[in-house]
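First the structure, in the form of structure tokens, and then the observations on it.
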Amino acid sequence: MARKRITLALAKGRIFNDTLTLLEKSGISIKKIDKKSRELIFKLDELTILSCKPSDVPKYVELGAADCGIVGSDCIAESQCDIYEPLSLNFGHCKMIVAIKKNQKFEFKAGKEVKIATKYPNIASEYFKKKKMIPEIIYLNGSVELAPLIGLSDVIVDITETGETIRKNNLKIIDTIMNIAAKFIVNKRSYRTLSNEIQSLSDSIKK
Ligand code: PRP
């Protein structure tokens, strides 16, 4: 029986190059993907690729706009989407941390309010609620490290990879919330209806 074409949503940004390298190593010809192009859909021989904002990848997969995707586990956790996560990949390693100004102290005290600047409101709220604190989220789209420096927030919840941004901005990490890596995710319906195609893709990227 002929293989059906599947759609794979990829996260642009920090893990995009590693994702393309993985696909290439898996025997998928990625020649048609022009990294500099503004195109968002690439039709490869076996796959259709969607080039997405990382935080949107789980949503595309949950809604079935893509059968599967490759994205960081930070975006998966934040999205709270109902998807399968059959495979962890060996790239995109970083961690989700809580940080404050270097010269400040912070007490995890039940009942205390805490202003959190973050791109990850769900993860941040859940973390501080578990500490029995009262989170006030200041949602930012980027350069989150700026917030405590100018008095906009008490803490940040953000990802760190090299630690360079934290160091350069005189911040310090006070806790790690989770370790992060890229994952292969799958739409629940496609997992059943396109099981051979998805298994085959999963096997080739696992090798
Ligand atoms: C991420 C993250 C930190 C930085 C950490 O931002 O939000 O700001 O990388 O990386 P490091 O530990 O290697 O310094 P990103 O580069 O995605 O840009 P943004 O600040 O615009 O979100």
Side-chain angles (χ1 to χ4, degrees), residues 8-23 33-40 49-61 66 69-81 85 88-104 106 114-131 133 135-185:
L8 174 66
L10 299 186
K12 284 188 286 197
R14 65 171 53 227
I15 67 164
F16 196 55
N17 283 340
D18 284 342
T19 306
L20 294 185
T21 304
L22 173 75
L23 294 181
I33 303 179
D34 176 1
K35 283 188 256 175
K36 290 189 189 122
S37 162
R38 302 293 294 171
E39 263 177 286
L40 301 171
I49 302 284
L50 305 183
S51 170
C52 309
K53 193 174 152 80
S55 55
D56 292 337
V57 171
K59 185 56 78 184
Y60 280 99
V61 172
I70 295 177
V71 65
S73 54
D74 53 330
C75 295
I76 301 170
E78 178 60 27
S79 76
Q80 302 179 336
C81 282
E85 302 170 29
S88 279
L89 303 169
N90 195 21
F91 64 90
H93 296 289
C94 55
K95 51 188 186 168
M96 179 79 57
I97 52 90
V98 185
I100 58 172
K101 264 165 81 175
K102 211 175 191 174
N103 57 4
Q104 261 181 357
F106 185 83
V114 53
K115 276 191 193 169
I116 313 146
T118 188
K119 288 184 273 188
Y120 300 91
N122 292 326
I123 294 171
S125 292
E126 209 171 292
Y127 171 84
F128 280 99
K129 279 181 188 163
K130 272 198 192 135
K131 303 268 182 207
M133 296 185 72
E136 182 191 327
I137 298 292
I138 296 157
Y139 179 80
L140 298 175
N141 276 306
S143 302
V144 168
E145 290 83 357
L146 197 53
L149 303 179
I150 55 172
L152 195 60
S153 74
D154 303 312
V155 304
I156 61 164
V157 166
D158 199 9
I159 57 166
T160 179
E161 186 180 357
T162 62
E164 184 69 4
T165 316
I166 294 278
R167 276 193 300 278
K168 280 273 189 259
N169 290 292
N170 291 316
L171 299 172
K172 66 179 174 193
I173 296 173
I174 55 168
D175 200 8
T176 296
I177 300 180
M178 63 178 81
N179 290 313
I180 294 161
K183 281 189 166 186
F184 177 62
I185 57 172

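Whatever order the structure lists them in is the order used to number ligands and atoms, beginning at 1. All residue numbers in this chain count up from 1 along the given sequence.
- Proximity to E164 (heavy-atom distance under 4.0 Å) selects the following atoms of ligand 1: 12 (O), 14 (O).
- In this model, a donor atom of one side chain and an acceptor atom of the other lie less than 3.5 Å apart for K35 and N17.
- Residue E161 approaches ligand 1 through these ligand atoms, each under 4.0 Å from one of its heavy atoms: 10 (O), 11 (P), 12 (O), 13 (O).
- With ligand atoms numbered from 1 in the order given, ligand 1 contributes 19 (P), 20 (O), 21 (O) to contacts under 4.0 Å with heavy atoms of S143.
- Residue pairs meeting the side-chain hydrogen bond (donor to acceptor under 3.5 Å, both in side chains) criterion with at least one member in residues 141-151, sequence neighbours excluded, are Y139-N141.
- Among protein heavy atoms, the minimum distance from atom 11 (P) of ligand 1 is reached at T162 OG1, 3.3 Å.
- In this structure, the separation between CD on E136 and OG on S153 is 10.0 Å, given to the nearest 0.5 Å.
- Ligand 1 places these atoms under 4.0 Å from at least one heavy atom of R14: 1 (C), 4 (C), 6 (O), 9 (O), 10 (O), 15 (P), 16 (O), 17 (O).
- Considering backbone and side-chain atoms alike, G163 places an N or O below 3.5 Å from some N or O of ligand 1.
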Show the atom names and distances, to 0.1 Å, of all donor-acceptor pairs under 3.5 Å that link a side chain in residues 72-79 to residues at least two apart or in another chain.
from : atom 1 : to   : atom 2 : distance (Å)
S73  : OG     : A181 : N      : 3.1
S73  : OG     : A181 : O      : 3.2
D74  : OD2    : Y120 : OH     : 2.6
E78  : OE1    : N122 : N      : 3.1
E78  : OE1    : I123 : N      : 2.9
E78  : OE2    : N122 : N      : 2.9
E78  : OE2    : N122 : ND2    : 3.2
S79  : OG     : I76  : O      : 2.8
S79  : OG     : C81  : N      : 3.1

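- For atom 5 (C) of ligand 1, the nearest non-hydrogen atom from the set I159, I166, I97 comes from I159.
- P54 and V71 make their closest contact through O-CG2, 3.4 Å (heavy atoms, listed as atom of the first residue, atom of the second, distance).
- Every atom of ligand 1 with a heavy atom of T160 under 4.0 Å away is listed here by number and element: 12 (O).
- For the pair R167 and E164, the salt-bridge criterion is met [side-chain N within less than 4.0 Å of a carboxylate O].
- The nearest pair of heavy atoms linking F128 to V114 is CD2-CG1, 3.7 Å.
- Taking atom 14 (O) of ligand 1 as the reference point, the nearest protein heavy-atom neighbour is T165 OG1, 2.4 Å.
- Distance check: D18 CG to N90 CG gives 10.0 Å after rounding to the nearest 0.5 Å.
- Given atom 18 (O) of ligand 1, the protein heavy atom at minimum distance is K119 NZ, 4.3 Å.
- Scanning all protein heavy atoms for the shortest distance to atom 3 (C) of ligand 1 gives E145 OE2, 3.1 Å.
- Atom 2 (C) of ligand 1 has D158 OD2, 3.3 Å as its closest protein atom, hydrogens excluded (heavy atom only).
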